[in-house]
Amino acid sequence: MAETSESGRAVLELLQEENVKFLEATKLDEQEAEEEEPYKHKYAAREQWKEILSRLQEAQPKFPEDKDLAAAIVIVKYNIANNHVECEETGEGERQLQAVLAALPSLGSEAEIAVFWINTLNQCGIVWTNRNDHQRGLEYLQRAEQVYERRGEAPRGMDQLVPRPGQQQALERAHTLTLFYLAQCYGATGDKTKASEYIQRTLQRQLEANELDPLEWAIHAAAMSQVYLSRGDYPTAVHFLRCADIIAARATDSDSKKEKQADIALCWCKYYIYILTGDVPLAATSPVRFSSLEAEAASVSVVTTPAESYAEALAAYNAGVKWVQRAQSVYTLDGYVSDYIKAAQDQSQMLRHLARHDPDPSNACKIHKRRIDLLLALRKNLSQQHFLNVCQQLDYELAEIYVEMSSLKRSVLGKTPPNDVTHAAAKINALIDSGMQHYKAFLDSLRQPDGSFPAKFEEHVARAALMAHFWLARLKTLKLGMDRAATVAAYQSSLEDYKWLVAYCERHPEPPIFAAELPLCREMIELTPARIRQALST
């Protein structure tokens, strides 16, 4: 504070007087928003801060060398700037934050007043990331990180209006926010490696400082598990999921707690899908662990290697389906349709990969039939008008299941007793018909009001739309026991489908979402006329 001279005492008295008003404005700014006038309290707080600022600026010519008074002015300006940002007046807020940044060097170096530098840079970073200029936001946040790294031994605060002991704690809290914002920013720029690194560092610091929202922390930890899962680091993925369970359980009971625990359960579902697929090979285990939770996290045994046998796959499925049930106990079909179906789709994927581990095609078909029973009941009861995306997903997956079953049954047709061949062929044809029915339903959902397809499919459905056409072209000619007329008609219709696919891809060559299948389509356009002639000659 200023020296206890006459002028120093005058500044001190002024700051003490304004401190009371400053805290009143801060309390008003933090009041819960009213629905009809969401910024009413913030506008009122801003006016009070402006009045404080005016009085401080009027006093400044009398005490031009007093750094405490100058710092108090900057503090008020900082609060007004943030107020503008929070009231969605981003342009004015950003302009005033820049003015605060410009004033800081005259009050102290980055090392001396690191907390205030970091908070201001953090706010500038938030402003630009909210404007979707993530690169510019990243620059401010990286600078905030550098300020922390170059900090002094004992950071000094700017306490002229709000005296706060424990500047070290405030500094650490500000740096934790920097890391969290950097994680979001790196994620938005597509740098997933950096994003996951900074999220992990944020979680570690929050846990060590015991400054965390249990549910928010748990959700971020569960999300991090998916990063390690995609790398094949199953033990670390389990550690993060177990820590998420532990911390979430510490939250006060509420509907929000139940929903977040259901979200974590869905992350466990994804874990067991990975274990069942075995597509991502086991990788080196990361040393990253939350040491204070490690013993408790390790107290529950969880498989951490991909399933290699049917017995291992069945054990993984049984463990995984329990998490499906936990998620659906909260996300019920009555009220949480999308989330309930998401869990059902996860169970379907577990069954899909369980079937791949079963060496007996007949048993594999029975497992796929469970998938159909699971999804078809949901599809029949859903309104496509209200749940279009979900219905599209279900139709496409059901089509795939029917096709997979027809392929499995066809693979054992040669071993079928002669008396049963006709019946077996009829079953295969029925499965093909059902698959085609669902592919057509999926494609029909993409049609425009006049019944035509759009000139270009939307990016999120484009590949699925092309694959549905591709499979319809193939399936039409795979039915067994067709007579000559039916065979010719099937090949002719199939040929038109292949031509349509090639024409679409030639109109829209980028991105090459159909690159692997396109040569096959061109080949079938060359071969199919000969097959039609052959069918006509028999």
Side-chain angles (χ1 to χ4, degrees), residues 190 345 352 375 379 384-385 387-407 410 428-538:
Q345 289 174 308
R352 174 191 175 197
L375 300 181
R379 178 63 185 90
Q384 185 160 301
Q385 179 181 355
F387 298 100
L388 176 61
N389 289 341
V390 174
C391 288
Q392 288 173 337
Q393 292 170 15
L394 292 176
D395 275 322
Y396 195 90
E397 186 170 353
L398 282 163
E400 288 182 316
I401 300 169
Y402 281 117
V403 171
E404 178 65 18
M405 289 181 68
S406 71
S407 178
R410 188 186 289 267
I428 292 170
N429 287 346
L431 290 168
I432 290 173
D433 284 337
S434 294
M436 292 174 64
Q437 175 189 339
H438 284 283
Y439 275 131
K440 288 176 181 177
F442 169 76
L443 289 171
D444 286 344
S445 72
L446 303 176
R447 294 183 186 276
Q448 301 180 109
D450 64 0
S452 65
F453 289 117
K456 185 176 183 179
F457 292 116
E458 293 181 20
E459 185 177 351
H460 71 283
V461 296
R463 175 161 174 80
L466 297 179
M467 288 303 299
H469 274 100
F470 180 75
W471 274 106
L472 282 173
R474 292 194 65 187
L475 292 170
K476 288 172 182 176
T477 63
L478 290 180
K479 294 180 71 173
L480 302 172
M482 292 188 291
D483 59 25
R484 182 171 63 179
T487 300
V488 170
Y491 275 116
Q492 288 174 334
S493 179
S494 176
L495 180 60
E496 293 305 311
D497 289 335
Y498 287 126
K499 288 180 178 179
W500 185 92
L501 283 165
V502 170
Y504 181 92
C505 292
E506 288 176 348
R507 289 195 307 271
H508 308 289
E510 297 293 339
I513 57 174
F514 200 61
E517 295 80 13
L518 188 57
L520 295 175
C521 294
R522 291 194 170 108
E523 183 179 355
M524 293 309 298
I525 290 173
E526 294 293 325
L527 296 176
T528 301
R531 292 178 179 176
I532 292 173
R533 290 192 296 270
Q534 182 180 5
L536 287 170
S537 66
T538 57

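These numbers come from a predicted model, not from an experiment. Heads up: numbering here begins at 1 and tracks the sequence.
Counting only heavy atoms from C-beta outward, the side chains of Tyr504 and Phe514 never approach each other to under 4.5 Å. Under the 4.5 Å side-chain criterion, counting only non-hydrogen atoms from C-beta, Met467 is in contact with Tyr396. Between His469 and Tyr439, the closest side-chain pair of non-hydrogen atoms is not below 4.5 Å.
Atom NE2 of His438 and atom CZ of Arg379 lie 8.0 Å apart (nearest 0.5 Å). The line from CG of Leu472 to OG1 of Thr477 is 11.0 Å long, rounded to the nearest 0.5 Å. The distance from the CG atom of Leu388 to the CD atom of Gln385 is 10.0 Å, given to the nearest 0.5 Å. If you take CD1 on Ile401 and OG on Ser434, they are separated by 11.5 Å, rounding to the nearest 0.5 Å. Summarising the geometry, atom CD1 belonging to Ile513 is positioned 5.0 Å from atom CG belonging to Leu466; distances are rounded to the nearest 0.5 Å.
Nearest heavy-atom pair across Trp471 and Val403 is CZ3-CG1, 3.7 Å. When all heavy atoms of Ala399 and Gly435 are compared, the closest pair comes out as CB-O, 3.5 Å.
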With a cut-off of 3.5 Å and sequence neighbours excluded, list every side-chain donor-acceptor pair involving residues 443-450.
from, atom 1, to, atom 2, distance (Å)
Asp444, OD1, Arg447, NE, 2.9
Ser445, OG, Gln392, NE2, 3.1
Ser445, OG, Phe442, O, 2.5
Arg447, NH1, Gly451, O, 2.9
Gln448, NE2, Ser452, OG, 3.1
Gln448, NE2, Phe453, O, 3.3
Asp450, OD1, Ser452, N, 3.0
Asp450, OD1, Ser452, OG, 2.7
Asp450, OD2, Ser452, OG, 3.3

Counting only pairs under 3.5 Å, give me each side-chain donor-acceptor contact of residues 483-498, with atom names and distances, residues two or more places apart or in other chains.
from, atom 1, to, atom 2, distance (Å)
Asp483, OD1, Ala485, N, 3.3
Asp483, OD1, Ala486, N, 2.7
Arg484, NH1, Leu536, O, 3.1
Arg484, NH1, Thr538, O, 3.1
Thr487, OG1, Asp483, O, 2.8
Ser493, OG, Lys476, NZ, 2.7
Ser494, OG, Ala473, O, 2.8
Asp497, OD2, Lys476, NZ, 2.6

Sequence neighbours excluded and cut-off under 3.5 Å, please list the side-chain donor-acceptor pairs for residues 515-533, or say none.
from, atom 1, to, atom 2, distance (Å)
Glu517, OE1, Arg463, NH1, 3.2
Glu517, OE2, Arg463, NH2, 2.9
Thr528, OG1, Met524, O, 2.5

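In terms of the side-chain contact (heavy atoms from CB on, under 4.5 Å) criterion, residue partners of Leu480 (sequence neighbours excluded) are, by chain and number, Arg410, Leu413, Ala425, Ile428, Asn429. For Glu459, the side-chain contact (heavy atoms from CB on, under 4.5 Å) criterion is met by no residue, not counting sequence neighbours. In this view, Gln345 and Gln393 satisfy the side-chain hydrogen bond (donor to acceptor under 3.5 Å, both in side chains) rule, not counting sequence neighbours.
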